[in-house]
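FYI, the numbering just counts along the sequence from 1.
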Amino acid sequence: QVQLVESGGGLVQAGGSLRLSCAASGRTISRYAMGWIRQAPGKEREFVAAISWSGANTDYADSVKGRFTISRDNAKNAVYLQMNSLKPEDTAVYYCAARYSDYGPIRGNNEYDYWGQGTQVTVSS
């Protein structure tokens, strides 16, 4: 079992940047595919970004491609999401997620086994 805790969310003006962090505990994440998924009020969860075990392979939703960067540091047992050029439509709760023994990246958010509590990102226009 792995526990995931997100941090780094907040209020930012459009065009600004935020860096989200996901700290894992209970297990090392070296054999977990990791991802970020977001959910706005009243909407379904939406895949944002995913990364394979080593970090060599990544995948992004078209809406964030070129603006967001997912990375991982297995030695620190952490995953990050660098968010640049933020837009109001990026406003959502952002969740860190993991799937064990699957190299990844994983695009389907329903394929993840473990989830953090989420961190709120609000982008003002």
Side-chain angles (χ1 to χ4, degrees):
Q1 302 293 314
V2 63
Q3 293 79 46
L4 307 173
V5 179
E6 304 95 333
S7 62
L11 176 64
V12 65
Q13 190 175 7
S17 298
L18 286 173
R19 183 173 183 261
L20 306 184
S21 298
C22 174
S25 62
R27 297 285 190 277
T28 61
I29 63 169
S30 59
R31 292 185 179 181
Y32 289 79
M34 305 295 297
W36 289 94
I37 296 89
R38 67 188 181 187
Q39 186 171 29
K43 297 184 179 180
E44 296 182 353
R45 290 190 175 187
E46 176 190 19
F47 166 78
V48 176
I51 191 166
S52 60
W53 286 2
S54 67
N57 303 108
T58 58
D59 195 14
Y60 297 91
D62 289 342
S63 59
V64 307
K65 194 173 298 182
R67 299 188 297 119
F68 291 8
T69 302
I70 187 172
S71 61
R72 67 192 296 162
D73 188 338
N74 290 342
K76 295 181 178 179
N77 226 29
V79 183
Y80 308 97
L81 185 68
Q82 180 65 47
M83 310 165 67
N84 298 327
S85 301
L86 283 162
K87 304 175 181 179
E89 51 263 43
D90 294 320
T91 296
V93 176
Y94 283 70
Y95 298 90
C96 178
R99 181 176 176 85
Y100 179 69
S101 194
D102 198 333
Y103 184 77
I106 298 172
R107 174 176 286 269
N109 47 288
N110 62 346
E111 297 184 34
Y112 288 98
D113 299 315
Y114 305 99
W115 297 78
Q117 84 289 349
T119 185
Q120 177 70 49
V121 173
T122 303
V123 184
S124 62
S125 59

_Minimum heavy-atom separation for V5 and Q117, please, with both atom names._
CA-OE1, 3.5 Å
*Might you point out which heavy atoms bring S125 and A14 nearest each other, and give the distance in Å?*
CA-CB, 4.3 Å
*side-chain contact (heavy atoms from CB on, under 4.5 Å) between W36 and C22: does it pass, once the steps are laid out?*
CA-CA 9 Å; W36 289 94; C22 174; 3.8 Å; yes
*Find out if a path of hydrophobic residues (ILVMFWY) with successive side-chain heavy-atom gaps under 4.5 Å connects V79 to Y94.*
yes
With a 3.5 Å cut-off and sequence neighbours excluded, list the donor-acceptor pairs that the side chains of residues 40-56 form with protein atoms.
unit_1, atom_1, unit_2, atom_2, d
R45, NE, Q39, OE1, 3.3
E46, OE1, R38, NE, 2.9
E46, OE1, R38, NH2, 3.4
S52, OG, N57, N, 3.1
S52, OG, N57, O, 3.3
W53, NE1, R31, O, 3.2
W53, NE1, D102, O, 3.0
S54, OG, A56, N, 3.2
S54, OG, Y103, OH, 3.3

*asked:* Test of understanding: clusters of I, L, V, M, F, W, Y form through side-chain heavy atoms closer than 4.5 Å, transitively. Do L86 and Y80 belong to the same one?
replied: no
*Out of curiosity, does Y100 fall in the hydrophobic cluster containing M34 (side-chain heavy atoms, cut-off under 4.5 Å, transitive links)?*
yes
*Atom pair CG/NZ of N74 and K76 - distance to nearest 0.5 Å*: 12.0 Å
*Step by step, would you call T122 with V12 a side-chain contact (heavy atoms from CB on, under 4.5 Å)?*
CA-CA 6 Å; T122 303; V12 65; over 6 Å; no
_Test item: T91 side-chain N/O and V123 main-chain N/O as donor-acceptor pair under 3.5 Å_ = yes
*Could you pull out the closest heavy-atom pair between C96 and E6, with the gap in Å?*
N-OE2, 2.6 Å
*For T119 and G8, work out which heavy atoms get closest and say how close.*
OG1-N, 4.2 Å
*Reported CZ-to-CG distance for the pair F68 and N84, which is rounded to 0.5 angstrom*: 8.5 Å
*Tell me whether V2 is reachable from I37 by hopping between hydrophobic residues (I, L, V, M, F, W, Y) whose side-chain heavy atoms are closer than 4.5 Å.*
no
*Atom of Q82, atom of S17 and distance for their closest heavy-atom approach*: NE2-CB, 4.0 Å
*When rounded to the nearest 0.5 angstrom, what distance separates OH in Y112 from CG in L4?*
11.0 Å
*asked:* Over 60° means perpendicular and under 30° means parallel, so tell me whether W115 and Y95 are parallel, tilted or perpendicular.
replied: perpendicular
*Is R99 close enough and on-axis enough to Y114, meaning under 6.0 Å and within 45°, for cation-pi?*
no
*Who pairs with E89 by salt bridge (Lys or Arg N to Asp or Glu O under 4.0 Å), at least two apart in sequence or on another chain?*
none
*Kindly compute the distance separating OG (S30) from CG (N77), expressed to the nearest 0.5 Å.*
8.0 Å
*In the single-linkage hydrophobic clustering (I, L, V, M, F, W, Y; side-chain heavy atoms under 4.5 Å), do V121 and I70 co-cluster?*
yes
_Salt-bridge criterion met for K87 and D90 (N-O under 4.0 Å)_ = no
*asked:* As an exercise, state the distance from OH of Y60 to CZ of R67, rounded to the nearest 0.5 Å.
replied: 12.0 Å
*Distance from T58 atom OG1 to K65 atom NZ, nearest 0.5 Å?*
9.0 Å
